[in-house]
Amino acid sequence: MEAIESIDLFSPQRHERPSPLAVLRDIFGHKAFRGQQADVIEHVAEGGDAVVLFPTGAGKSMCYQIPAICRPGVGIVVSPLIALMRDQVEALEQAGVAAAALNSSLTQEEASEVRRKLRRGELDLLYVAPERVATPGFANMLADTQIALFAIDEAHCVSQWGHDFRPEYRELIHLVELFPGVPRIALTATADPTTREDIIERLGLEQAEVFTTSFDRPNISYSIVERDKPREQLLDFLGGHKGESGIVYCLSRAKVEDVADWLSGKGIRALPYHAGMSAELRSANQDAFLKEEGLCLVATVAFGMGIDKPDVRYVAHMDLPASIEAYYQETGRAGRDGQPADAWMSYGMADVVQRRRMIDEGNAPDEVKRVEHGKLNALLGVCETASCRRQAILAHFGEVYPHACGNCDTCRSPVESWDGTDAAIKAMAAIYRTGMRFGAAHVIDVLVGKETEKVTRFGHQHQKVFGQGKELDTRAWQSVLRQLTAMGLIVVDHANHGALTLSEAAHSVFKRERNVTLRKDRPKKSVEVRRSLARSVDVPEHAKPLFEALREERLRLAKAQGVPPYVIFHDATLKAMALAEPKHPHDLLNLPGVGQGKLDRYGDAFLAVVRGFEG
Ligand code: ADP
Ligand code: ZN
């Protein structure tokens with residue numbers, strides 16, 4: 001409650017508005033603007049429209065929250081999910097900002113209370129669902145209210161090309177007529193150029209200033225491993241993340257249950273999440289993920305949108321995602337707090353077959369299917385690249401990353417390449433000679449000269465190619481076939497049970513008009529994941545006991561209020577606290593993430609913990 005007082009200085013009735021920098025420092029406890037935040041905020045605070053295309057974790061929320069606080073009136077924020085609104089409102093209240101949400105989860109009384117506050121001009125920020133905003137009813141309700149701005153969060157929801165299309169977002173175009181003169185700011189972490197253009201058009205923001213920045217997420221370390229024993233590989237990877245929160249994505253519900261069970265059996269606290277579970281169980285598991293520390297959530301892609309948890313330390317993919325966009329989006333949920341985080345994927349040929357089948361069995365029009373196959377190919381390119389993964393990902397979004405990143409697996413331990421032209425010709429000959437009707441396993445048996453039942457049944461032991469590939473083992477051939485698929489020389493015929501066929505382009509290799517360079521897969525030993533790529537919040541040894549004690553205090557305070565620990569303080573703040581050992585409230589204020597509101601609320605509790613440590 002005390003916290004509200006300090007904010008009253010900035011209440012909407014006051015004539016003197018605080019400066020953006022003052023709000024950043026005093027309320028949010030940050031010391032300086034990041035990247036282009038200051039430009040966006042200035043532009044919007046002065047009444048301009050803006051389109052903000054920043055990656056996850058860049059700090060988009062500040063871009064509308066600060067102008068909303070600085071401008072007279074209430075900032076209306078359109079948000080697609082109730083969970084998202086709740087998170088944001090909670091975090092703002094913790095900082096002492098007058099914020100509320102209006103959505104279907106409120107009781108009649110709660111909703112009337114919010115409306116009352118709105119009428120009295122007591123709110124700085126109001127979060128609402130898209131279907132509510134652009135209606136005459138809502139406009140009536142706001143008739144006598146001063147509006148600071150409209151923020152359209154997750155703006156890619158307006159586009160069919162994006163990954164979370166929400167038809168209600170299309171109605172937002174009417175905000176222009178309903179509320180002329182009120183600045184609008186649309187924000188998204190979408191990197192895909194088609195979706196970006198669509199957003200601007202669909203929201204009528206052609207005149208708005210567009211702010212973009214690099215989509216690189218420097219704190220995320222990428223690695224993609226060849227699938228061997230996927231669960232053991234996963235376990236090994238998780239070994240580097242003990243006590244940390246993370247997400248493990250699986251393609252199917254059954255696999256989610258399976259992997260979660262298996263991990264639990266291995267002593268890892270893992271919970272499942274997929275659309276086939278009851279709503280209660282799903283939300284209980286999501287809640288546990290947000291509010292506990294060190295939980296592994298095993299999920300289908302049904303989980304993730306609207307999860308703003310800043311301290312997700314890893315995202316693991318047990319199956320190939322649908323596209324680079326999806327991969328970027330899903331891995332992007334790691335490390336929102338800017339601290340080191342790991343993105344890890346295991347993949348094999350079976351993924352390619354499965355993904356192709358999913359596309360073909362879907363009921364999208366042919367044109368869309370072609371695009372989806374193309375997107376999958378682009379992702380395979382990233383999986384099979386012998387150079388920097390980050391460069392490959394960003395290149396897909398039209399961004400040139402000027403040098404090898406040093407923070408992906410291929411950069412850390414460079415892969416060698418070799419002239420695979422002969423191998424490619426043999427592999428493709430084996431496919432051709434066996435009638436382009438068989439999957440990878442059989443083709444490899446033919447290459448290495450294995451007389452299986454299937455081989456003899458089809459008489460393939462009499463083919464000239466039979467046993468012609470003995471110089472490579474099965475695993476090496478798997479790699480060759482995967483890479484040739486990624487290059488588009490081999491095509492998987494999903495309509496025919498994943499049979500391998502040849503593309504037009506294969507001819508030029510047969511005729512030796514082009515060479516094929518392949519990446520040399522790592523010897524098995526080094527495929528194992530390096531432990532602890534991201535010993536996340538790496539607190540020096542001497543400060544660890546205090547850091548842990550501060551974490552305990554945070555968890556206690558969080559539980560008492562039923563909020564996630566990170567809305568109280570981020571790990572980075574606790575780390576700084578453990579190092580600085582503050583004695584006085586003003587020492588606390590100097591730490592990143594401590595503003596006046598949080599000082600008032602939690603200063604004493606944390607100072608007491610620090611004092612207790614002086615022994
Ligand atoms: P986005 O919406 O772009 O994914 P958020 O708005 O959630 O990003 O911000 C990501 C994190 O960065 C949050 O924890 C926020 O507190 C922090 N942050 C934002 N702006 C700053 C800043 N100027 N200085 C320090 N931390 C910041
Ligand atoms: Zn790299």
Side-chain angles (χ1 to χ4, degrees), residues 20-21 23-25 27-41 52-66 77 79 84 87-88 90-92 94-95 97 125 151-156 185-191 211-224 304-312 328-329 332-339 341 343 382 385-395 401-415 533 564-573 576 591-595 598:
L21 190 60
V23 175
L24 182 79
R25 290 189 173 152
I27 297 183
F28 295 104
H30 301 314
K31 305 306 164 227
F33 286 114
R34 259 193 207 156
Q36 297 180 68
Q37 274 178 335
D39 300 336
V40 180
I41 291 167
V52 175
L53 308 167
F54 292 174
T56 303
K60 285 186 289 299
S61 322
M62 294 290 138
C63 293
Y64 62 83
Q65 288 171 351
I66 294 182
V77 187
S79 178
L84 257 179
D87 237 46
Q88 293 269 359
E90 229 151 54
L92 285 165
Q94 291 283 336
V97 178
L125 282 146
I152 301 163
D153 205 6
E154 312 290 349
H156 58 272
I185 169 172
L187 311 98
T188 174
T190 297
F211 297 87
T212 43
T213 177
S214 167
F215 264 61
D216 182 28
R217 300 285 311 278
N219 59 317
I220 298 183
S221 168
Y222 299 97
S223 44
I224 300 177
M305 161 86 162
I307 297 303
D308 259 352
K309 187 174 167 62
D311 55 354
V312 174
Y328 179 85
Q329 204 69 33
R333 290 166 187 148
R336 293 182 82 109
D337 56 7
Q339 303 290 314
V382 173
T385 183
S387 38
C388 176
R389 307 257 191 224
R390 190 178 310 272
Q391 271 178 336
I393 294 168
L394 291 174
Y401 192 84
H403 50 82
C405 78
N407 193 23
C408 71
D409 54 350
T410 50
C411 279
R412 274 190 310 267
S413 46
V415 287
L533 298 177
Y566 55 79
V567 305
I568 295 183
F569 285 129
H570 281 188
D571 283 351
T573 301
L591 301 179
V594 187
K598 296 222 173 149

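Both ligands and their constituent atoms are indexed starting at 1 by order of listing.
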Colleague: Is a donor on one side and an acceptor on the other found under 3.5 Å between the side chain of Glu154 and the backbone of Ser79?
Modeller: no
Colleague: Ignoring hydrogens and geometry, is there a side-chain-to-backbone donor-acceptor pair from Gln36 to Phe211 under 3.5 Å?
Modeller: no
Colleague: Is there a donor-acceptor contact under 3.5 Å from the side chain of Arg389 to the main chain of Val382?
Modeller: yes
Colleague: To the nearest 0.1 Å, how far is atom 23 (N) of ligand 1 from its closest protein heavy atom, and which atom is that?
Modeller: Ala32 O, 2.8 Å
Colleague: List every atom of ligand 1 that sits less than 4.0 Å from any heavy atom of Gln37, numbering the atoms from 1 in the order shown and giving each element.
Modeller: 19 (C), 20 (N), 21 (C), 22 (C), 23 (N)
Colleague: What's the SG-the Zn ion (ligand 2)-SG angle here (Cys405, Cys408), rounded to 10 degrees?
Modeller: 110°
Colleague: To check your reading of the model: name the closest protein heavy atom to atom 17 (C) of ligand 1, its residue, and the distance in Å.
Modeller: Arg34 NH2, 3.7 Å
Colleague: Which atoms of ligand 1 sit under 4.0 Å from any heavy atom of Pro55?
Modeller: 3 (O)
Colleague: Mind checking whether Phe28 and His30 have parallel, tilted or perpendicular rings, split at 30° and 60°?
Modeller: parallel
Colleague: Decide whether the shortest distance between a heavy atom of Pro310 and an atom of ligand 1 is less than 4.0 Å.
Modeller: no
Colleague: Just distances here: any N/O of Asp337 and N/O of ligand 1 closer than 3.5 Å?
Modeller: no
Colleague: Considering all heavy atoms of both residues, which atom of Leu187 and which atom of Cys63 are nearest to each other, and what is their separation?
Modeller: CD2-CB, 4.2 Å
Colleague: Side chains of Arg412 and Ser221: is there a donor and an acceptor less than 3.5 Å apart?
Modeller: yes
Colleague: Which atom names give the shortest non-hydrogen contact between Glu90 and Pro564, and what distance separates them?
Modeller: OE1-CD, 3.5 Å
Colleague: Give yes or no for whether the N/O distance cutoff of 3.5 Å, strictly under, is met between Gly59 and ligand 1.
Modeller: yes
Colleague: Work out which heavy atom in Ser61 is nearest to a heavy atom in Gln88; give both atom names and the distance.
Modeller: OG-NE2, 3.6 Å
Colleague: List the atom of Phe215, the atom of Ala189, and the distance in Å for their closest heavy-atom pair.
Modeller: CE2-O, 3.0 Å
Colleague: Suppose we measure from atom 13 (C) of ligand 1 to each protein heavy atom; which comes out shortest, and what is that distance?
Modeller: His570 CE1, 4.0 Å
Colleague: Quick one: nearest non-hydrogen protein atom to atom 6 (O) of ligand 1, plus distance?
Modeller: Ser61 OG, 2.6 Å
Colleague: Can you give me the closest heavy-atom contact between Phe569 and Thr573, atom names plus distance?
Modeller: CD2-CG2, 3.7 Å
Colleague: Should you measure from each heavy atom of Met62, which atoms of ligand 1 turn up under 4.0 Å away?
Modeller: 19 (C), 20 (N)
Colleague: How wide is the angle at the Zn ion (ligand 2) between SG of Cys411 and SG of Cys388, to the nearest 10°?
Modeller: 100°
Colleague: For ligand 1, is Thr56 a contact, meaning one of its heavy atoms is under 4.0 Å away?
Modeller: yes
Colleague: Which residue from Arg336, Arg25, His30, Glu154 reaches closest to atom 2 (O) of ligand 1 through any of its heavy atoms?
Modeller: Arg336
Colleague: For Gly57, counting its heavy atoms only, list the atoms of ligand 1 lying under 4.0 Å from any of them.
Modeller: 1 (P), 3 (O), 4 (O), 8 (O), 10 (C)
